[in-house]
Protein chains: 2
Amino acid sequence: MNIGEVAERSGIPTKTIRYYEDIGFLHPKRNENGYRIFEDTELHKLTFIGRARSLGFNIEECRALLALYEDKDRGSADVKKIAQQHVKEIEDKIADLIAMRDTLTHLINACAGDHRPDCPILDNLSDGKTKEA
Amino acid sequence: MNIGEVAERSGIPTKTIRYYEDIGFLHPKRNENGYRIFEDTELHKLTFIGRARSLGFNIEECRALLALYEDKDRGSADVKKIAQQHVKEIEDKIADLIAMRDTLTHLINACAGDHRPDCPILDNLSDGKTKEA
DNA sequence: TCTAAGGCTTCCAGTCACTGGAAGGTCAAG
DNA sequence: CTTGACCTTCCAGTGACTGGAAGCCTTAGA
């Protein structure tokens, strides 16, 4: 397979595939003409990485998962640990975002949204206090 | 005030303050020795930006809010619109993260987490399917 | 008066995970 | 033989900082 076909089948852009080669995720062979040739195993790897990325694992986490994936002797405990750590991080982010949303929603509700310049949102950004109606 | 004091009072690092000057948020005057001198208005602006950033507004949104903040004739509707748009984006992110978390939690629950190599998490990353017990 | 510490300056480079674009080689169809 | 799609490499940019180097300025203490 050439890079274009792999890109289509894995759903990962060619640019990104080359980048993944740069950072050592893949080592495709080369044709006489310099083109990369991908085997099925490379396609699988790419798909694997794509799924992990879409679950929010960062590149280093993907590298760790990939190493575990390729290590036939790893225990599932290692993988579970990475995943659990990751769930914790996701939950922290969710909590942060919910706090943001609630604060903003609160401010929006306090804001008349008309042509007068009086604006609780800006007031809050300016002095950190929310005025109640 | 010198930059160090402003940094302490606004909670924004000196590096970041200089960066904010670079991108045109501030225009502090300079001393004979080249040091930046900050007035109270600059401190207020920085605090304003800091709060907006902590609410997840990006730099361009901050720029817009700052412009509205400094425009005495703006209607609160303009500000409300930016904030509402932002709440939408936050809610999208929350939904994404919840989906990620649920998928991962599901996989973690299916994973024995022992020393055997059989691992539903890797299996899923590899083939996109979750095996039920 | 010298020195040392700390604060200030600028500029350059790195972060993360790509993404865009330029310049040019290769290949298959018409 | 040309056209267009595909491939290659390399360089630069994204967002929002952050780190570090090199060097000037100020202040306190010996």
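Computation of the quantities below employed the complete heavy-atom set of this structure, encompassing side-chain atoms and omitting hydrogens, waters and symmetry-equivalent molecules. Protein chains get the first letters and strands the later ones, always in sequence-line order, with residue 1 at the start of each.
- Taking only side-chain nitrogens and oxygens, A:R53 comes nearer than 4.0 Å to OP1 or OP2 of C:dC18.
- Taking atom CG on A:D22 and atom C1' on C:dT19, their separation rounds to 13 Å, with Å as the unit.
- Regarding A:N31, its CG atom lies at a distance of 18 Å from the P atom of C:dG25, rounded to whole Å.
- Distances shown here put every side-chain N or O of B:T14 at or beyond 4.0 Å from the OP1 or OP2 atom of C:dG7.
- One can place CD of B:E8 at 13 Å from C1' of C:dG7, the figure rounded to the nearest angstrom.
- Under the 4.5 Å side-chain heavy-atom criterion for ILVMFWY residues, no single connected hydrophobic cluster contains both A:Y35 and A:Y20.
- For the pair B:E42 and B:R36, the salt-bridge criterion is not met [side-chain N within less than 4.0 Å of a carboxylate O].
- Backbone-only engagement by A:I3 is indicated by non-hydrogen atom pairs under 4.0 Å involving sugar-phosphate atoms exclusively.
- Distance A:I37 CD1 to C:dT26 P: 16 Å, rounded to the nearest Å.
- The hydrophobic cluster containing A:M1 does not contain A:I37, counting ILVMFWY residues as joined when their side-chain heavy atoms lie under 4.5 angstrom apart, directly or transitively.
- Here the straight-line distance linking atom CD of A:E89 with atom CG of B:L104 works out to 11.0 Å at 0.5 Å rounding.
- Think of the region where chain B sits on DNA chain D: with heavy atoms and a 4.0 Å cut, that region ends 5' and 3' at D:dA16 to D:dT26.
- The structure places CZ of B:R51 at 13.5 Å from CG of B:L65, a figure rounded to the nearest 0.5 Å.
- Taking atom OH of residue A:Y19 and atom C1' of nucleotide C:dC16, one finds them 6 Å apart after rounding to whole Å.
- Using a 4.0 Å cut-off between charged nitrogen and carboxylate oxygen, A:E21 and A:R18 do not count as a salt-bridge pair.
- Between the CZ atom of A:R63 and the P atom of C:dA17 there is a distance of 10 Å, rounded to whole Å.
- For the pair A:N58 CG and C:dT15 P, the computed distance is 14 Å after rounding to whole Å.
- Residue contacts shown for B:F25 are absent, as no nucleic acid heavy atom lies under 4.0 Å away.
- Across the interface with DNA chain D, nearest-nucleotide mapping of B:T16 and A:G34 shows A:G34 to be the residue nearer the 5′ end.
- Summarising the geometry, the separation between CZ on A:R18 and C1' on C:dA17 is reported as 16 Å, rounded to the nearest angstrom.
- Residues A:K15 and A:N33 both approach DNA chain C. Their nearest nucleotides, taken by heavy-atom distance, put A:K15 toward the 5′ side.
- In the displayed structure, B:E8 atom CD is contacted under 6.0 Å by at most 12 heavy atoms of other residues, nucleotides or ligands.
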